[in-house]
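Okay, so here's the structure we're looking at.
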Number of protein chains: 2
Amino acid sequence: MATRTYDPQEFPPFAVTVDMVVLTMSRGRLHVLLVRRGVAPFKGMWAIPGGFKRPRESLLEAAQRELLEETGVDGADLLRQLGAYGDPDRDPRMNVVTVAYFAVLRDVQGIAGGTDAAAAALVPVSEALGEDFEPLAFDHGRILRDAIERIRADLILTGIATAFVGRTFTLAELRAVYEEAWGVRIDGANFRRSVLADEGWVIPTGRRAPSGSAGGKPAELYRAGRKWRHGTPIRPGRPNGTRRRESR
Amino acid sequence: MATRTYDPQEFPPFAVTVDMVVLTMSRGRLHVLLVRRGVAPFKGMWAIPGGFKRPRESLLEAAQRELLEETGVDGADLLRQLGAYGDPDRDPRMNVVTVAYFAVLRDVQGIAGGTDAAAAALVPVSEALGEDFEPLAFDHGRILRDAIERIRADLILTGIATAFVGRTFTLAELRAVYEEAWGVRIDGANFRRSVLADEGWVIPTGRRAPSGSAGGKPAELYRAGRKWRHGTPIRPGRPNGTRRRESR
DNA sequence: CAGGTTCTTGTGGAAATGACCATATCAATG
DNA sequence: CATTGATATGGTCATTTCCACAAGAACCTG
């Protein structure tokens, strides 16, 4: 039929939830916020936070509300929709369609503080997706995998890299975001040239970051410019065969 | 709460639908399949095809079924999820969350034939999104806009360009896909070198396409190689404007 | 101060990009 | 049938970008 038959009563109802992949960069590694489920189904297993959508709120508002409840962070601009998941048996009790969002945060302390410490944890993504890690509840493993793929794409298409770092940051911190997410090594000198070539990407603050424990010249602190709203000056290296030694 | 309260009975039910943005390239322009709604709400208005999700099928299966019903095309591999839309008032009758998919087809004739011709039409995207065109039903205008944005991104990240052309195609046809979707002009000679530089992108068939009505040297026909599954050799040009004629 | 670490600047070759020219091969026209 | 117009194909060339590495500068620790 070219037109949908419209009789809502004929069609069994679904429950609609929103789930969130909360990502952050901690000690140079990508982490995801996981919570222990306290109720059935999948009680006791790790899951990504989420909850039911209410009738009078939009999907984004639902995600925003859950983000606030789970992490204490109020930021709708940080949330981006990842996709919908609706396999018939993804929830053993009833038919639940969930809409997944992901958010990139930087305030690591605030995340752990907003919720019960025993029931929430920041887990390195490589571990959470590793073979040794316990499977996540529902299809949250797949959702997490999709989120990582999405992040990799958004790093190419958008300026989401700046969401991982603080209001002021060093170029090394920003570079580490790309290196960790893409699993590549980027030459510091070339990276520096790329973001400083044009105005509007990073703005020097005049201040300097404290040197790390290993010493070294203190790096200059920058603010993110407006150009990140429309893209990124960093492009993924060519998958060429001219790779150098792995140096590790 | 760190854990979701799990009592489905508390939460009002939602209807879940799938809607599809069916795109095709016809006479060098990007077209979208629209249908006339025959029932309320939004009766008589243009809309993108779609229908209710059934309890025992996945979202992708629902979209696949609808695609088959609407266009006669059976291709789950052509469908990609676009996103979920769940604003409270997007459907005046009840709370409906829709999951949008988009599909890129090439068989234009089959689309018009599969359904009532009077109730379905291929409309140029630029017209459907233009000011003069009548508004689409529901929030389908926004969904269509999002789909076009997504196509532009997928042209960068994936090899979706080959989905617009036939099993065999000329390089000019493939080039036209990028030119139309990005709104740019690409030099034919340079485009040719990009896709022929490495093996695996396009494979010559030895045959030649008939010249167009305007004459011209007949172009060689190619098949798509396997590399398109992992990306594209074509990159969006930079905002031009550097140097004009000078030298000499 | 010596040695180590990190940031920063400099440099040269390789590769990609973009524009243009020249030629080949067809259809349509008169 | 020769001309014209259009398109495909092959080639050249200057510029820009990319990338690896070298060297200097600034800071820490011991």
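Chain A is the first sequence line, chain B the second, and so forth, proteins listed ahead of strands; every chain is numbered from 1. Keep in mind that the numbers below use all heavy atoms, side chains included, and drop hydrogens, waters and symmetry copies.
Across all strands shown, A:A189 has heavy atoms under 4.0 Å from base atoms, whether or not it also approaches the sugar-phosphate. Residue B:R175 is classed as a sugar-phosphate contact, given heavy-atom separations below 4.0 Å to backbone atoms only.
The 5' end of DNA chain D is approached more closely, in terms of each residue's nearest nucleotide, by B:L171 than by the other of B:L171 and A:S194. Taking for each of B:D198 and A:E220 the nucleotide of DNA chain C with the nearest heavy atom, the 5'-most of the two is the partner of A:E220. Comparing B:D187 and B:E173 against DNA chain D, the residue whose closest nucleotide sits nearer the 5' end is B:E173.
Every residue two or more places apart in sequence or in another chain was checked for a side-chain hydrogen bond (donor to acceptor under 3.5 Å, both in side chains) with B:D198, and none qualifies. Under the side-chain hydrogen bond (donor to acceptor under 3.5 Å, both in side chains) criterion, B:E134 pairs with B:R36, B:W46, sequence neighbours left out.
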Tabulate protein N/O versus nucleotide N/O from nucleotides 26-30 of chain D, keeping only pairs under 3.5 Å, one per line.
unit_1, atom_1, unit_2, atom_2, d
D:dC27, O2, A:G216, N, 3.4

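The CZ atom of B:F164 lies 9.5 Å from the CG atom of B:L105; values are rounded to the nearest 0.5 Å. Going from atom CZ of A:R207 over to atom OG1 of A:T168 covers 5.0 Å, rounded to the nearest 0.5 Å.
Contact annotation: B:R192 side-chain N/O to D:dA8 OP1/OP2 distance is not under 4.0 Å.
Computed from coordinates, the A:F191 CZ to C:dG10 P distance equals 19 Å when rounded to whole Å. Separating the CD1 atom of B:I234 from the C1' atom of C:dT17 is a distance of 12 Å, rounded to the nearest angstrom. Taking atom CZ on B:R185 and atom P on C:dC20, their separation rounds to 9 Å, with Å as the unit. Following rounding to the nearest Å, B:R207 (CZ) and D:dA8 (P) show an atom-to-atom distance of 17 Å. The separation between A:I186 atom CD1 and D:dA20 atom P is 11 Å, rounded to whole Å. As a whole-Å value, the separation of B:L221 CG from C:dC26 P is 14 Å.
Two residues are said to be in side-chain contact when any heavy atoms from C-beta on lie closer than 4.5 Å; B:L59 and B:Y101 meet this criterion.
Set against C:dT17, C:dC20, D:dT9, the side chain of B:N190 has C:dC20 as its closest nucleotide.
Judged by distance alone with a 3.5 Å cut-off, no donor-acceptor contact links the side chain of B:R193 to the base of D:dG11.
Results of the side chain to side chain contact (heavy atoms under 4.5 Å, CB included) test with A:P236 over A:L155, A:I156, A:I186 single out A:I156 as the only residue that passes.
A salt bridge links A:E179 with A:R175; the closest basic N to acidic carboxylate O contact falls under 4.0 Å.
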